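Working notes, beginning with the structure itself.
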Amino acid sequence: SFGAYLGLAGLAVADKNNDEADKLFARAVAIAPDNSDVLMFQGAYARFKKDHKGAEAAFQKLVTRQPGRIDYRIGLAQAQLATGNHEGAIKTLAPVLKAAPNHPTANYLRALAAYQARDYQTVTLHTENVLKFDRSNLPTILIAGAARFAMKQYERAASDLERFVSQFPTHEPARRLLGAAQLQLHKPKEAMATLKPIAEKSDAEADLLSLVGVAAVQARELEAGTGYFDRVVKLQPENARAHAQLGAAQIAMGDVEKGIVQLATAVEKDPDYRGADMALITNLMRAKRFKEALAAARELQRKKPSDASGYSLAGLAQM
């Protein structure tokens, strides 16, 4: 009985005994290699093991055999999206949505395919098809918020993302996106509260630390902001923007000399980063280091001869 072996394999998966599951599933395959239930298990089990190509192959056989089966098409679309094949997923889902326009899973997957294709208006269309029947569908709320953020609809993005994060507070990508939306809405304290729990981790990524650093500085928590930017510089010593952010924060705290060193480092790391040149020259003049400011302005003129800023700043330094 191949069905019995499938059942035992499923129990082994539930017990996290993948080696036993592999053996049991192999016996089911040996008995009925082309059986639809075996192929269905094969696709689901491959997806569980993150073998998305294997899952796609299994579900493709099922769809070819019975193109009208919605569950087969859903499985195939999930596998295609996992490999980034959003065009294939869109084609797979089209007959499902034609036959059942309000099918919640098909609409969610179609929204996910549109998100991968950066077609954010279509994301909104299909997420609304789900949420009008199920207002608490959290995966749909998350992708709706992400699409709103991409379309710069920050108020609605923050509203969706807050709902998601309230239910899944440990979901780091959602927290990061919510914090970024709050920053866009000029709510740095809220952004700090959102981002700080994940930024405090020892393995926090540089992009996250930079984001929470910006929130801290905007919230006038300069010491915290300096600490975050310092961590970014240590993680990415060639990151010119991080050096510039650290320098600006140090200057805001009154440590002008250290700040100027960081701004000079930013100019050195990325000669095309105009913002670092501007900040360096301006702060050299504030520190009354006019000869250095003039030299830096001359260098900006050399790098960007058609930019008026180098000439204006040179004139101010000469005055």
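Because the structure is a prediction, the values reported are computed rather than measured.
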Please report the closest heavy-atom contact between A191 and Q182, naming both atoms and the distance.
CA-OE1, 3.2 Å
Using the side chain to side chain donor-acceptor pair (under 3.5 Å) definition, which of the options R241, E268, H243 pairs with Y273?
R241
Hydrogens and angles aside, do Y45 and D22 bring a side-chain donor and acceptor to less than 3.5 Å of each other?
yes
Kindly indicate whether the side chain of Q66, heavy atoms from C-beta on, has any atom under 4.5 Å from the side chain of L62.
no
Under a 3.5 Å distance rule, please check whether Q80 uses its side chain to pair with a backbone N or O of A89 as donor and acceptor.
yes
Within a radius of less than 6.0 Å around NZ of K269, do more than 12 heavy atoms belonging to other residues, nucleotides or ligands occur?
yes
Specify the closest pair of heavy atoms between P169 and S166, including all atoms of both residues, with the distance to one decimal.
CD-O, 4.2 Å
Taking side chain as C-beta onward, heavy atoms only, is D19 less than 4.5 Å from N17?
yes
Heavy-atom distance under 4.5 Å between the side chains of L93 and H126, does that happen here?
no
For the side chain of T265 and the backbone of V261, is there at least one donor-acceptor N/O pair under 3.5 Å apart?
yes
Mind running side chain to side chain contact (heavy atoms under 4.5 Å, CB included) on L6 and M40 for me, showing each step along the way?
CA-CA 10 Å; L6 290 180; M40 187 73 167; over 6 Å; no
Is it true that a side-chain atom of D134 and a backbone atom of V130 form a donor plus acceptor pair closer than 3.5 Å?
no
Here the gap from D160 atom CG to Q153 atom CD, rounded to the nearest 0.5 Å, amounts to 10.0 Å
So how far is it from L208 CG to E200 CD, rounded to the nearest 0.5 Å?
10.0 Å
Side chains of E292 and L280: closer than 4.5 Å at any heavy-atom pair?
no
Hey, is the main chain of L195 close enough, under 3.5 Å, to the side chain of R175 for a donor-acceptor pair?
no
Where do N129 and P101 come nearest, in terms of heavy atoms and distance?
ND2-O, 4.1 Å
So, are E205 and R176 salt-bridged, with charged N and O less than 4.0 Å apart?
yes
Between R73 and T92 (side chain of the first, backbone of the second, donor and acceptor by atom type, cut-off under 3.5 Å), is there such a pair?
yes
Do Y228 and S210 touch side chain to side chain, with heavy atoms closer than 4.5 Å?
no
Is a donor on one side and an acceptor on the other found under 3.5 Å between the side chain of S159 and the backbone of E155?
no
If Ile, Leu, Val, Met, Phe, Trp and Tyr residues are connected whenever their side-chain heavy atoms lie under 4.5 Å apart, and connections chain through other members, are L39 and Y72 in the same group?
yes
Please answer whether the main-chain N or O of G310 pairs with a side-chain N or O of Q301 as donor and acceptor at a distance below 3.5 Å.
yes
If you count every heavy atom of other residues, nucleotides or ligands that lies below 6.0 Å from K304 atom NZ, does the total exceed 12?
yes
Side chain to side chain contact (heavy atoms under 4.5 Å, CB included) between V267 and E299, intermediate numbers included:
CA-CA 10 Å; V267 171; E299 179 61 16; 5.8 Å; no
What's the verdict on side chain to side chain contact (heavy atoms under 4.5 Å, CB included) for M319 and F290, showing C-alpha distance, side-chain angles and the deciding distance?
CA-CA 9 Å; M319 287 177 65; F290 300 117; over 6 Å; no
Euclidean distance, L222 CG relative to I251 CD1, rounded to 0.5 Å
12.0 Å
Taking transitive links into account, so neighbours of neighbours count too, which hydrophobic residues share a cluster with L131 at under 4.5 Å side-chain distance?
L138, I141, L142, F149, Y154, L161, F164, V165, F168, L177, L178, L185
Return the CG to NE2 distance between L109 and H86, rounded to the nearest 0.5 Å.
14.5 Å
Starting from L263, can I reach I281 by hopping between I/L/V/M/F/W/Y residues whose side chains sit under 4.5 Å apart?
no
Using the rule that two of Ile, Leu, Val, Met, Phe, Trp, Tyr join whenever any of their side-chain heavy atoms come within less than 4.5 Å, decide whether L209 and L183 are in one cluster.
yes
Could you report the tightest heavy-atom contact between K234 and P237, atom names first, then the distance?
O-CD, 3.9 Å
Heavy atoms of other groups near K23 NZ, more than 12 under 6.0 Å
no
From T124 OG1 over to R156 CZ, what is the distance, rounded to the nearest 0.5 angstrom?
7.5 Å
Spell out, as yes or no, whether a donor-acceptor pair under 3.5 Å connects the side chain of N107 to the backbone of H103.
yes
The test is salt bridge (charged side-chain N to carboxylate O under 4.0 Å, His left out); show your working for D203 and K201 and say whether it passes.
CA-CA 5 Å; D203 61 346; K201 295 182 177 181; 6.0 Å; no
Do you reckon V232 sits in the same ILVMFWY cluster as I198, going by side-chain contacts under 4.5 Å, direct or chained?
yes
Heavy-atom pair with the smallest gap, counting every atom of A296 and L284:
CB-CD1, 4.4 Å
Does any non-hydrogen side-chain atom of R65 lie less than 4.5 Å from one of D34?
yes
Chi angles and distances behind the salt bridge (charged side-chain N to carboxylate O under 4.0 Å, His left out) call for E20, R27
CA-CA 11 Å; E20 184 66 14; R27 295 192 68 173; over 6 Å; no
Are the side chain of Y311 and the backbone of P305 linked by a donor-acceptor contact shorter than 3.5 Å?
yes
So for atom CD, which belongs to Q318, do other residues, nucleotides or ligands contribute more than 12 heavy atoms lying within a distance under 6.0 Å?
yes
If you measure from CG on N137 to NZ on K132, what distance do you get to the nearest 0.5 Å?
14.0 Å
Applying side-chain hydrogen bond (donor to acceptor under 3.5 Å, both in side chains), run through D307 and S309 and close with a yes or a no.
CA-CA 6 Å; D307 188 332; S309 301; 3.0 Å; yes
When D272, D277, D270 are each screened for salt bridge (Lys or Arg N to Asp or Glu O under 4.0 Å) with K303, the one that passes is D277
Side chain to side chain contact (heavy atoms under 4.5 Å, CB included) for L300 and M278? Distances and angles first, verdict last.
CA-CA 9 Å; L300 179 57; M278 298 285 290; 4.3 Å; yes
If you group Ile, Leu, Val, Met, Phe, Trp and Tyr by side-chain heavy-atom gaps below 4.5 Å, do Y108 and Y120 land in one group?
yes
Any side-chain heavy atom of M192 within less than 4.5 Å of one from Q218?
no
Quick one: does any side-chain atom of T282 pair with a main-chain N or O of A279 as donor and acceptor, under 3.5 Å?
no
Under 4.5 Å between any side-chain heavy atoms of R110 and T122, yes or no?
yes
V13 and N18: which non-hydrogen atoms are nearest, and at how many Å?
CA-OD1, 4.5 Å
